[in-house]
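Positions are given from 1, in the same order as the sequence printed here.
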Amino acid sequence: MLDLSKFQATGRETCFHGRHIGAQIYDGLDGGNWRLRDYEARGGYQALRKILGQDGGPGMTPDQVVAEVKASGLRGRGGAGFPTGLKWSFMPKNYAGPKYLVCNSDEGEPGTCKDRDILAYNPHIVIEGMAIAAYAMGVGTAYNYIHGEIFEVYQRFEEALDEARAAGYLGDHILGSGFSFQLHAFHGFGAYICGEETALLESLEGKKGQPRFKPPFPASYGVYGRPTTINNTETFAAVPWIIRNGGPAYLAVGRPNNGGTKIFSVVGDVQRPGNYEVPLCTPFPKLLELAGGVRPGRTLKAVIPGGSSAPVLPADIMLDCTMDYDAIAKAGSMLGSGAVIVMDDTRCMVKSLLRLSYFYQHESCGQCTPCREGTGWLWRMVDRIEHGKGRMEDIELLGSVADNIMGRTICALGDAAAMPVRGMIKHFRDEFVYHVEHKRCVVGTAVTSS
């Protein structure tokens with residue numbers, strides 16, 4: 001990871017504690033400084049001690065913790081960017097029964113690999129962040145739902161939980177206080193749809209992972225029908241620093257409404273793919289430079305700035321963007337999960353869309369007709385164009401089907417399938433036309449009819 005002092009002297013311990021995590025995320029998984037002793041040496045669990053009054057100070061009330069998170073401007077790092085402190089305030093205070101907290105570590109968005117690395121290389125920062133959140137919302141039990149295809153990471157998190165319990169950071173009467181909190185890891189099933197928060201809750205309850213109708217929202221009817229707050233792994237990982245240093249200090253990194261740091265998974269046609277934690281509002285060219293730039297002899301063609309479900313942006317637009325929620329939205333895309341998929345001039349946009357469309361039709365849970373049928377139609381039409389059988393009207397039909405999926409499904413998977421189609425046609429329509437007219441790719445790759 002880069003040194004944040006290049007941008008601003010914040011003193012912030014990054015989620016990866018100063019390391020760049022490369023593309024081979026499991027290399028050296030048995031090594032590193034992820035153990036409890038290492039985390040404590042870096043100031044770990046000081047924030048938990050602070051709120052419980054176990055550091056010699058007066059402690060903090062739950063309302064004060066929520067207020068500090070609100071002051072930080074921390075926005076959910078899972079994709080939607082909803083203000084975290086505001087979400088925490090939705091949890092009913094006077095509810096008589098049990099309340100729950102859930103960490104969404106079901107990282108299945110193509111191109112994204114940040115949350116699994118946080119859990120692998122700094123798991124205690126997530127545990128501490130969840131304990132602080134539980135204290136703030138009066139929660140006694142929490143779950144970390146970990147993606148089903150990263151079992152080694154799940155095992156590591158279980159080891160970290162054992163360490164935290166043995167040290168008194170989890171369990172009954174934590175650090176001798178009146179606060180008790182139990183945290184459990186849950187191994188998911190590898191389904192992309194379980195990244196949607198209500199489908200995750202269904203899966204957590206042992207049912208088929210399908211999204212629920214909303215309302216009711218999880219804050220009133222979540223896991224086991226009880227009030228539940230769900231946040232992303234990276235969101236919880238930011239909380240300990242905020243409590244130790246104050247919300248305004250976190251907000252000062254970046255710009256108003258876009259404070260703090262963000263981990264970007266820079267993947268694709270770059271020389272140093274991996275995870276980079278930088279202040280929000282970092283210029284995209286700077287982030288690209290940190291990742292080594294595009295491959296030698298190639299030029300930047302396009303970028304998907306927020307994971308595969310975000311609309312693609314051409315190079316000229318992207319090079320003028322800063323990496324924050326508002327700037328990317330103004331440019332016509334989304335910051336999303338923080339996966340920055342870089343494509344150079346060797347990439348065919350039709351072939352790229354074909355791969356994305358196949359993924360979404362494969363991962364649709366089938367509950368909603370527009371998604372179940374529409375994602376299949378999109379894939380088949382793009383497949384027809386890619387393999388030299390496309391018709392000119394298919395280009396218009398692609399846009400029409402995408403428009404009729406958008407906003408007509410229970411969850412956002414339908415939108416996630418439609419937005420890449422709309423973005424590709426908007427910015428790279430000429431490539432689709434070329435495929436139809438010439439039965440081959442514009443970048444020179446011959447297409448074999450099937």
Side-chain angles (χ1 to χ4, degrees), residues 1-23 72-81 83-84 109 111-115 117-118 232 234-235 237-238 241-242 245 247-294 300 302-307 310-343:
M1 285 299 296
L2 80 160
D3 181 0
L4 285 181
S5 64
K6 295 178 182 177
F7 294 86
Q8 184 172 345
T10 66
R12 167 167 161 73
E13 183 217 343
T14 67
C15 292
F16 293 149
H17 41 83
R19 297 181 58 189
H20 161 73
I21 306 298
S72 74
L74 175 64
R75 297 173 65 169
R77 299 300 198 235
T84 303
E109 182 80 359
T112 314
C113 51
K114 63 182 178 65
D115 293 340
D117 279 359
I118 297 173
N232 172 258
E234 186 185 354
T235 309
W241 192 92
I242 291 170
N245 298 275
Y250 186 83
L251 183 61
V253 182
R255 297 173 188 164
N257 203 42
N258 289 280
T261 62
K262 177 79 181 77
I263 301 171
F264 293 100
S265 301
V266 186
V267 299
D269 298 325
V270 293
Q271 298 189 66
R272 297 185 65 234
N275 289 312
Y276 295 85
E277 185 175 23
V278 299
L280 278 171
C281 304
T282 294
F284 170 72
K286 182 63 179 179
L287 181 62
L288 183 62
E289 177 188 341
L290 292 168
V294 297
L300 181 67
V303 178
I304 303 177
V312 66
L313 294 176
D316 58 338
I317 294 178
M318 198 66 208
L319 289 170
D320 287 335
C321 281
T322 55
M323 300 305 295
D324 62 80
Y325 297 95
D326 298 335
I328 298 297
K330 185 177 180 180
S333 190
M334 306 183 303
L335 196 69
S337 63
V340 181
I341 303 172
V342 178
M343 294 181 279

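Looking at heavy atoms from C-beta onward, L280 lies out of side-chain contact with V253 at the 4.5 angstrom threshold. For the pair Y276/I263, no side-chain contact is recorded, criterion being any heavy-atom separation below 4.5 Å from C-beta on. M318 has its side chain within reach of M323: a pair of non-hydrogen atoms, C-beta onward, lies under 4.5 Å apart. Y250 is listed as a side-chain neighbour of L74, based on a closest heavy-atom distance under 4.5 Å. At least one side-chain heavy atom of V278 sits under 4.5 Å from a side-chain heavy atom of L290.
Checking side-chain atoms of S72 against main-chain N and O of I242 turns up no donor-acceptor pair under 3.5 Å. Checking side-chain atoms of R75 against main-chain N and O of G73 turns up no donor-acceptor pair under 3.5 Å. The backbone N or O of T261 lies less than 3.5 Å from no partner atom in the side chain of E277, so there is not a single donor-acceptor pair. Not one N or O on the side chain of T322 forms a donor-acceptor pair closer than 3.5 Å with the backbone of D324. In this structure, R272 contributes its side chain and A291 its backbone to no donor-acceptor pair below 3.5 Å. Between the side chain of N258 and the backbone N or O of Y325, at least one donor-acceptor pair lies under 3.5 Å.
Atom-to-atom distance recorded for I118:CD1 and C113:SG is 10.5 Å, nearest 0.5 angstrom. Expressed to the nearest 0.5 Å, how far CG of D115 lies from OG of S265 amounts to 8.0 Å. To the nearest 0.5 Å, atom CG of residue N275 and atom NZ of residue K114 are 8.5 Å apart. In this structure, the separation between CD1 on I328 and CZ on F284 is 8.5 Å, given to the nearest 0.5 Å.
Among all heavy-atom pairs drawn from A249 and N245, the shortest one is CB-O, 3.6 Å. Of all the heavy atoms in A310 and G306, the pair that sits closest is CB-N, 3.8 Å. Summarising the geometry of P305 relative to L313, their closest heavy-atom pair is CG-CD1, 4.2 Å, with the distance given to 0.1 Å.
Among residues at least two apart or in separate chains, salt bridge (Lys or Arg N to Asp or Glu O under 4.0 Å) pairs with a member in residues 248-266 are E234-K262.
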Pairs of donor and acceptor atoms involving the side chains of residues 330-343, under 3.5 Å and at least two apart or interchain, shall be tabulated with distances.
residue	atom	partner	partner atom	Å
S333	OG	P311	O	2.6
S337	OG	T112	OG1	2.8

